[in-house]
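Residue numbering restarts at 1 for every chain, and letters A, B, ... go by the order of the sequence lines.
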Amino acid sequence: MPIQLFDSLERKLKSLAPSHTDGVFRFYNCGPTVYAPAHIGNFRTFVVNDVLRRLLELEFGADKVKHVRNLTDVDDRTIGQTQKEKRPLAEITKKWTDKFHADSDALNCLRPHVEPTATGHIREQVDMIEVLIENGNAYRAPDGSVYFKIASFPEYGALSRIKERELKVTNSAFDADHKDDIGDFALWKAYKPEEDGDVQWPGPRTAAAGRPGWHIECSAMIKKHLGETIDLHTGGVDLLFPHHENEIAQSQCCNGTTFARHWYHSEHLLVDGTTMSKSKGNYYTLSDLVEKGYSPMAVRYALLMGHPRKQLNFTLESMHAAESALGTLRKAWARFATTASATANKPLAAQDSAPVSRLDRVIDALRDDLNTPAALGGLFTAMNEISDGTATFADSVAFGRALSILGIDLSEKQNFSIPMEIFALAEKRWAAKQAKDFAAADTLRKELATAGWSMLDSKTDYKLEPLKKA
RNA sequence: GGCGCGGUAGCCAAGUGGUAAGGCCGAGCUCUGCAAAAGCUCUAUGCGCCGGUUCAAUUCCGGCCCGCGCCUCCA
């Protein structure tokens with residue numbers, strides 16, 4: 001069964017396969033703008049793409065997948081941030097790039113093979129813009145900016161069906177006030193001293209100095225790192241229009257070939273039933289959730305609980321469910337891993353086929369349009385079957401493989417430290433318990449709870465855990 | 001107004017023309033000084049509403065109600 005993914009352009013499921021003779025599957029995922037911490041809605045897309053990357057590597061081979069994801073490090077928002085903070089652009093984008101990497105790592109997302117930046121590809125962008133001007137697809141505006149002329153590209157709107165839409169004409173849509181047509185978009189923005197600080201580069205021939213428009217960076221970086229035709233282009237739905245529509249226009253007019261053979265868009269993450277925004281105060285970053293006591297792995301799990309092409313409503317309750325589910329998996333795996341080791345000496349062939357196929361339902365669910373909730377369900381179904389004490393070595397291997405495709409790391413990472421006074425209280429309680437002074441032990445347990453800690457006894461030992469914050 | 005998506009148990013969620021995966025929560029049992037943990041067991045005669053097609057619909061068709069997203073900041 002090949003990997004099938006919904007194609008946003010043709011609006012149907014299509015099989016994925018490399019088209020280049022080298023057999024390398026080329027895919028590009030639109031990355032973050034590094035002017036602030038990425039929120040978990042952003043990470044939904046990146047986690048989904050990470051599962052896709054892992055699945056592709058399983059399918060085509062680890063060395064037969066080339067994954068490129070950009071960093072937008074110059075645009076209205078990054079520049080706006082430099083003005084707000086009165087700091088150099090590079091300093092701000094470095095800070096948030098580092099944070100993005102740290103969060104991605106914590107979420108167990110594989111780094112893309114190439115992570116190009118917009119500022120690192122000014123030359124490539126200018127080159128493309130010049131070709132577009134020469135081809136008559138772009139024009140210089142009076143202020144020295146350059147715009148793409150959508151009327152010059154008949155297929156414009158195929159992806160987003162923009163021709164069937166009514167463009168809402170507002171004043172802000174005409175912000176640039178130099179466009180010939182409301183649908184035209186900026187390829188190059190002329191330098192504005194009062195807004196842009198010291199951010200500017202020499203522009204395309206005939207244009208003013210300034211900076212690239214947002215859309216052109218992806219077209220230029222894709223051309224450089226993946227070629228003129230790529231096998232898959234992904235991103236969040238919000239990028240479908242205008243960003244991806246514009247990329248198609250730019251690239252196809254410049255290169256004269258099909259830009260992306262397949263388009264895939266993941267849906268929005270909602271919070272409390274509505275889209276995330278700072279003004280609504282429903283804006284979570286990874287750090288926010290870690291601060292509340294949730295593990296990054298639980299965040300990843302929570303982001304995979306919904307089908308990637310369906311809106312997913314994120315709540316703290318779902319975080320709790322994710323954390324619990326992860327705990328169940330962790331304990332079950334530990335349990336049957338030990339029973340599996342007992343069978344490890346048996347010949348593999350004798351125990352291979354059936355058990356491995358039990359876990360195939362996880363991979364199969366993923367192959368079927370990246371159905372992550374079904375994959376997670378399959379994981380538990382298999383787990384329940386294996387947990388009856390009959391787990392074999394092959395089960396254990398297959399289970400581990402299924403987990404790794406989902407990028408779920410079950411190793412326990414203690415992300416808290418125990419303050420000395422808490423440890424002292426716990427020791428005191430343990431001593432009281434050993435002395436069978438249960439009244440004192442209970443009082444101490446309450447004290448620990450008040451301080452935000454829970455003490456878990458076993459026969460010979462105890463464990464301290466912080467209570468979850470609301 | 002235009003484009004699109006969704007409504008399945010307390011919550012999340014998959015799925016199929018032939019009678020509902022899975023997770024969380026909850027309950028019961030075992031275990032246990034307490035509290036947990038762990039293990040086992042249980043939890044939708046029904047899939048927004050109304051019609052239609054069909055031997056059979058949650059699954060197809062039509063209408064309606066409700067929710068959400070997008071329409072040039074946006075993963």
Side-chain angles (χ1 to χ4, degrees), chain A residues 8 11 29-33 35 38-49 69 72 75-77 80 160-170 172-176 182-186 214-215 234-243 245-246 265-270 273-277 301-302 305-307 309-315 317-329 331-332 335 361 365 368 371-384 387-389 433 436-439 441-442 445-446 448-449 454-459 462-463 465:
Chain A
S8 310
R11 318 215 123 238
N29 173 20
C30 280
T33 302
Y35 75 112
H39 56 67
I40 54 167
N42 298 318
F43 277 117
R44 180 187 195 193
T45 297
F46 302 133
V47 165
V48 165
N49 274 270
R69 184 182 63 205
T72 297
D75 76 324
D76 292 349
R77 289 180 296 166
S160 60
R161 299 177 172 186
I162 193 68
K163 283 171 184 168
E164 296 170 32
R165 302 182 187 210
E166 267 177 33
L167 269 183
K168 206 160 62 178
V169 180
T170 64
S172 67
F174 250 124
D175 62 342
I182 185 153
D184 292 351
F185 57 90
W214 172 40
H215 314 294
T234 68
V237 265
D238 45 350
L239 298 184
L240 203 140
F241 183 83
H243 187 54
E245 196 71 72
N246 294 351
H265 293 93
S266 46
E267 256 295 349
H268 273 298
L269 185 73
L270 308 181
T274 169
T275 185
M276 261 187 270
S277 78
Y301 188 100
M305 289 199 311
H307 188 113
R309 288 199 301 106
K310 258 174 94 168
Q311 292 171 351
L312 175 64
N313 188 28
F314 182 88
T315 60
E317 206 180 350
S318 63
M319 272 310 306
H320 182 78
E323 198 78 78
S324 297
L326 231 32
T328 303
L329 283 173
K331 285 152 199 156
R335 177 160 25 84
R361 66 187 115 208
D368 182 15
N371 192 336
T372 54
L376 256 15
L379 194 62
F380 274 88
T381 302
M383 181 199 83
N384 289 329
S387 288
D388 63 1
K433 182 185 165 173
K436 303 225 185 288
D437 182 356
F438 297 127
D442 288 352
R445 174 183 288 290
K446 276 180 195 137
L448 281 163
S454 111
M455 187 163 168
L456 310 175
D457 296 0
S458 74
K459 279 241 188 292
Y462 66 86
K463 234 169 61 177
E465 274 182 8

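At whole-Å resolution of the value, CE in A:M276 and P in B:C73 are 19 Å apart. Distance, A:E465 CD to B:A35 P: 18 Å, rounded to whole Å. The distance between atom NZ of A:K446 and atom C1' of B:C34, rounded to the nearest whole Å, is 9 Å. Here B:G69 presents its C1' atom at 14 Å from CG of A:L239, a figure rounded to the nearest Å. Rounded to an integer number of Å, the gap from CG of A:D238 to C1' of B:U72 is 12 Å. One atom, CG of A:D368, and another, C1' of B:G15, lie 11 Å apart when rounded to the nearest Å. Distance A:M455 CE to B:A36 C1': 11 Å, rounded to the nearest Å. The distance from atom CZ of A:F43 to atom C1' of B:A75 is 10 Å, rounded to the nearest whole Å.
Among the atoms of the strands shown, only primed sugar atoms or phosphate atoms (P, OP1, OP2) are found under 4.0 Å from some heavy atom of A:G235. Looking at heavy-atom distances under 4.0 Å, A:R77 makes contact with sugar-phosphate atoms alone, never a base. Among the heavy atoms of the strands, none lies under 4.0 Å from A:N49. Heavy atoms of A:G378 sit nowhere under 4.0 angstrom from any nucleic acid atom. Nucleic acid contact class of A:H307 (heavy atoms, under 4.0 Å, all strands): sugar-phosphate only. Within the 4.0 angstrom heavy-atom criterion, no nucleotide atom of any strand lies near A:D76. Across all strands, A:E317 comes closer than 4.0 Å only to sugar-phosphate atoms, never to a base (heavy-atom distances). Here A:L269 lies in heavy-atom contact (under 4.0 Å) with a base. As judged by a 4.0 angstrom heavy-atom cut-off over every strand, A:K433 is placed among the base-contacting residues. Residue contacts shown for A:T315 are absent, as no nucleic acid heavy atom lies under 4.0 Å away.
Applying side-chain contact (heavy atoms from CB on, under 4.5 Å) to A:D238 and the options A:E267, A:H268, A:H265 leaves one that passes, A:H268. The one candidate from A:T275, A:N313, A:L312, A:N42 that meets the side-chain contact (heavy atoms from CB on, under 4.5 Å) condition with A:L269 is A:L312.
Residue side chain A:H265 does not reach the base of B:A75 through any donor-acceptor N/O pair under 3.5 Å, judged by distance alone. A donor and an acceptor atom never sit less than 3.5 Å apart when one is taken from the side chain of A:N313 and the other from the base of B:C68. Between the base of B:A75 and the side chain of A:R44 there is no donor-acceptor pair shorter than 3.5 Å. Side chain A:D442 to base B:G33: a donor-acceptor pair is found below 3.5 Å.
For A:F438 and B:G33, the ring-to-base geometry satisfies the stacking test (centroid distance below 5.5 Å, interplanar angle below 30°).
With P as the reference atom, B:C61 and B:U53 are 16 Å apart, rounded to whole Å. Going from the P atom of B:A37 to that of B:A56 covers 50 Å, rounded to whole Å. Comparing B:C31 with B:A36, their C1' atoms sit 12 Å apart, to the nearest whole Å. Taking atom P in both B:U45 and B:G39, the straight-line distance is 28 Å, to the nearest Å. For the C1' atom pair drawn from B:A13 and B:C47, the interatomic distance equals 13 Å after rounding to whole Å. If you take atom P in B:C25 and the same atom in B:C11, they sit 16 Å apart, rounded to whole Å. To the nearest whole angstrom, the two P atoms, one in B:G15 and one in B:C29, are 37 Å apart. Annotation: B:G67 and B:U72 have their P atoms spaced 23 Å apart (nearest Å).
Look at A:N384 and you'll find a side-chain N or O under 4.0 angstrom from OP1 or OP2 of B:G23. OP1 or OP2 of B:A38 sits under 4.0 Å from a side-chain N or O of A:K331.
Counting only heavy atoms from C-beta on, A:H320 has its side chain closest to B:C25 among B:C25, B:G23, B:A75. For A:L312, the listed nucleotide lying nearest its side chain is B:A13; candidates were B:A13, B:C68, B:A75. The nucleotide whose nearest atom lies closest to any side-chain atom of A:Q311 is, among B:C71, B:C68, B:A75, B:C68. Closest approach to the A:F46 side chain among B:A36, B:A35, B:A75 is made by B:A75 (side chain taken as heavy atoms from C-beta onward). Checking B:A35, B:U72, B:A13 against every side-chain atom of A:P373, the shortest atom distance belongs to B:A13. Side chain of A:T381, nearest nucleotide from B:G33, B:G22, B:U72: B:G22. Relative to the side chain of A:A325, the nucleotides B:G23, B:A35, B:U72 differ in distance, and B:G23 lies closest. Side-chain proximity of A:N371 to B:G33, B:C12, B:G15: nearest is B:G15.
Listed by chain and residue number, A:R77 satisfy the salt bridge (charged side-chain N to carboxylate O under 4.0 Å, His left out) test with A:D75 (two or more places apart in sequence, or in another chain). Considering only residues two or more places apart in sequence or on other chains, A:R44 meets the salt bridge (charged side-chain N to carboxylate O under 4.0 Å, His left out) condition with none of them.
Note: A:Y301 OH to A:E323 CD = 11.5 Å, rounded to the nearest 0.5 Å. How far NE2 of A:H243 is from OG of A:S160: 13.0 Å, rounded to the nearest 0.5 Å. Atom NZ in A:K310 sits 15.0 Å away from atom OG in A:S266 (nearest 0.5 Å). Rounding to the nearest 0.5 Å gives a distance of 9.5 Å between OG1 of A:T234 and CZ of A:R69. Interatomic distance, CD of A:Q311 versus OG1 of A:T274, reported as 10.0 Å (0.5 Å rounding). Atom CG of A:D184 is separated from atom CG of A:N246 by 10.0 Å, given to the nearest 0.5 angstrom.
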Here RNA chain B, pairs taken as Watson-Crick or G-U under 3.5 Å and shown with ( ), [ ] when crossing and | when to another strand, reads (((((((..(((.....[...))).(((((.......))))).....(((((..]....))))))))))))....

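Nearest-nucleotide assignment on RNA chain B puts the 5′-proximal partner with A:G306, out of A:G306 and A:D75. Remark on RNA chain B: of its neighbouring residues A:G377 and A:S318, the 5'-side contact belongs to A:S318, judged by nearest-heavy-atom nucleotide.
Residues A:D457 and A:R445 meet the side-chain proximity criterion, which asks for heavy atoms closer than 4.5 Å.
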